Every structure is written in C-alpha cells, then in structure tokens.
Amino acid sequence: MRWQNIITALLLATSLIFFIAIPQIDAASFTFSATAKTKFDKLTEASTVSNKEQLQAQYAQLQTSSRTEQNLILQAKTLHTNNQQAEKQLRSKLQLHNQSQIKKQEADIAATKKRLAPIIQLYETHNKQVKVLKSVKPVNKQLLQMMTSTLAISKAAADQAKKEIRAKETKLKELRSTIHQQKKQLRAELAQTGVWAGKIKTAKSIISAANKQYTATRKELLQAVNQQQAADTLNALKTMNRQADSITKQYTQIIDFEKEKSSLLAAVNKKIRE
C-alpha cells in the first residue's frame, strides 16, 4: 500500500494541475524599457487612429501571450517532474510485482517439507534397516519379510509426500514464470513513454528555432520604434505575435504529451500488485 499511495499521490498531483487555476507568477512578459516605451507611446500618439488602435492591441496581445507562455512553461515543468517521479517509483514498485504471492508459496513449501519430513525420514530409516538385515548372515528371513513389508508401506507414504512437495514446487516455478512475463509486459508498456519523449524533443526543437526568430524580430521592433516607423513597428509586433502563438502551441502540445504519459503511468500502476 505504501508504493500505491506514493504513486497515486504523484499522479493525482499531475492531474490536478488542469483543474485548478494557475497562480499568477512573475512572468517574463514582453515589455519595453522605460525609454523605448516612451518612444513607442510617442509613435502611437502620432499615428492615425487605425494604426494607433492596432499598435496598442498588438502590444497588449504580445504581453498577454508572454504571460500565457510562462504559465504553460510552469505547467509543462510541473507535469514533467511529477511524471519523472511517478515513473521512477513505478519501476521500483515493479520489482516487487506479486512478490507476496511468491513468498506465500515459498512459505507453504517450507511448511510442507517440515510437516512431511518425518515420513520421508522414516522411510529412509526403514530402508537402511532392511539393508542391514540383508547384510547380516544368516539372514533372519521372518524379520526381513516383516521389515520389507513395513518398508513398502513407508516408501508409498514417502513417495506421496515427495509428490506433494514436487507439485507445490512446480506450481511455484509456474508462478515465477507468469510473474516474469507480466513484468516483461509492464516494462514494455512503460517503454512507450519514450514515444512521448521523442515528440517532446521535437516540440522543444521547434520552440528553440521560434525563439531565435522571436529575438531577431524583437531587435527589428526596437529599431523601428527608435526610428519612429509606425508601419515597421506594427509589422514587427504582428510577426512577434505570430511567433508567440507558434511557441504557445508547442508548449500546449508538450503538456498534452505529458498528460498522455501520466495516463499511461496510472494505467500501469493499477496493474502492479505487490
């Protein structure tokens, strides 16, 4: 139950992220420096009404996108950390899969051997006695016949005892084989997490490329603001918003991948028995 509680708690924490409000954080949202903001406001006021509205809207959208991105990053990191911990706990728990059944059967075999040991020992004693009688000359045929009959009875009892022990040992061997196959299957299911790892790596690669483009466009924006070029400023803001949207989509996908991974871990967790 200890493993069950730990893993369940981790997976529950993962799922709760999507049902509670993400607290506001000190997001690294896009914002101008004081000097650049002054120039941007001057440019905005000098623009046509249409351009002014678009400039203000695009700038506000860019700030919102930046905050959204930071919240998505927080969610993705939290999910990833929880999944990592849950998977580590699962792999440790998997080593104990159905070990209680094995220990139970091992204890049963030990108890059976202890219970039947006197029967087997009695047969071995009778067998030795018959051998001794046969070796003594002259042979006491009457006593030998009586002991031979006794030996036959104790041998039948000993054979039955050994048969019972072998049956239990065979059952234990089959159980171990079954559990081995179960573990193999569960490990194969856990290995599927590698599929999402590959997808997440691809998404991060796209984000990295988009961030480089975003940085380059940001420089163009600052240059346009310094030069008081309204059209270039607006185009740069629109481009940055498109780039920000692309980045946001990738982080959303990463979160979806982590959620799918969490569901898989939960499913595997239910199949493991200690």
Side-chain angles (χ1 to χ4, degrees), residues 14-15 17-83 193-263:
T14 297
S15 62
I17 293 173
F18 298 94
F19 298 99
I20 60 176
I22 299 297
Q24 288 297 321
I25 61 173
D26 294 331
S29 57
F30 174 85
T31 184
F32 286 121
S33 65
T35 301
K37 185 62 168 64
T38 298
K39 290 182 179 180
F40 178 74
D41 289 342
K42 179 181 177 182
L43 172 65
T44 301
E45 290 301 322
S47 300
T48 63
V49 174
S50 176
N51 278 347
K52 178 179 179 180
E53 290 177 349
Q54 290 187 68
L55 286 166
Q56 290 175 336
Q58 290 294 324
Y59 179 59
Q61 182 182 336
L62 191 57
Q63 289 182 304
T64 299
S65 296
S66 297
R67 288 191 294 269
T68 299
E69 179 185 337
Q70 291 304 307
N71 282 336
L72 291 175
I73 290 173
L74 174 61
Q75 291 183 52
K77 285 183 177 179
T78 303
L79 276 167
H80 180 68
T81 299
N82 286 345
N83 280 338
T193 57
V195 174
W196 291 302
K199 292 180 178 179
I200 289 172
K201 183 178 180 180
T202 298
K204 286 183 176 180
S205 178
I206 295 174
I207 289 172
S208 178
N211 275 329
K212 290 179 181 178
Q213 295 174 347
Y214 185 92
T215 300
T217 308
R218 188 175 190 276
K219 291 180 180 179
E220 293 175 5
L221 171 65
L222 293 176
Q223 183 178 359
V225 170
N226 284 331
Q227 295 176 355
Q228 295 291 286
Q229 298 291 327
D232 291 345
T233 298
L234 183 57
N235 286 334
L237 283 171
K238 288 180 178 180
T239 299
M240 288 179 71
N241 273 315
R242 285 195 298 271
Q243 293 165 343
D245 286 342
S246 174
I247 293 171
T248 297
K249 285 181 180 179
Q250 294 305 316
Y251 276 118
T252 300
Q253 280 196 340
I254 289 175
I255 289 171
D256 288 340
F257 295 148
E258 292 289 358
K259 287 174 66 179
E260 291 174 9
K261 182 177 179 180
S262 177
S263 297

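Everything quoted here is computed from the prediction, not taken from an experiment.
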From Ile206 atom CD1 to Ile247 atom CD1, the distance as rounded to the nearest 0.5 Å: 11.0 Å
Is Thr81 reaching over with its side chain to a backbone N or O of Lys77, donor-acceptor style, under 3.5 angstrom? yes
Can you check whether Leu222 reaches Lys219 side chain to side chain, under 4.5 Å on heavy atoms? no
Got Thr31 and Tyr59 here, is their nearest side-chain heavy-atom distance under 4.5 Å? yes
Hey, what do you get for CD (Gln58) to CG (Asn241), rounding to the nearest 0.5 Å? 5.0 Å
Any idea how Phe40 and Phe32 line up, ring-wise: parallel (<30°), tilted (30 to 60°), or perpendicular (>60°)? tilted
Separation of Lys238 NZ from Gln61 CD (nearest 0.5 Å): 10.5 Å
Just wondering, do Gln54 and Asn51 contact through their side chains at under 4.5 Å, heavy atoms? yes
Short side-chain to backbone donor-acceptor contact, Ser246 and Arg242, under 3.5 Å: no
On a heavy-atom basis, which atom in Ala230 and which in Leu55 lie closest, and how many Å separate them? O-CD2, 4.2 Å
Judged by atom type as modelled, is there a donor-acceptor pair below 3.5 Å linking the side chain of Gln228 to the main-chain atoms of Lys39? yes
Of the non-hydrogen atoms in Val225 and Ala36, which two are nearest, and what is the gap between them? CG1-O, 3.7 Å
Do Asn82 and Ser262 come close enough that some side-chain heavy atom pair is under 4.5 Å? no
Pairing of Lys37 and Asp41 as salt bridge, 4.0 angstrom limit: yes
Could you measure the distance from the OG1 atom of Thr252 to the CD atom of Glu69? Nearest 0.5 Å is fine. 10.5 Å
Distance in Å, Ile200 CD1 paired with Ile255 CD1, rounded so as to fall on 0.5 Å steps: 10.5 Å
Out of Thr248, Thr217, Thr215, Asn211, which one pairs with Gln243 under the side-chain hydrogen bond (donor to acceptor under 3.5 Å, both in side chains) rule? Thr217
Check: Asn83 and Thr193 side chains under 4.5 Å, non-hydrogen atoms: no
To the nearest 0.5 Å, what is the distance between CZ (Arg67) and CG (Leu62)? 10.0 Å
Check whether any side-chain heavy atom of Gln70 lies under 4.5 Å from a side-chain heavy atom of Ile73, and answer yes or no. yes
Compare all side-chain heavy atoms of Lys261 with those of Glu258 and state whether any distance is below 4.5 angstrom. yes
Quick one, Lys259 with Asp256, criterion side-chain contact (heavy atoms from CB on, under 4.5 Å). Give me CA distance, side-chain angles, the key distance, then yes/no. CA-CA 5 Å; Lys259 287 174 66 179; Asp256 288 340; 4.3 Å; yes
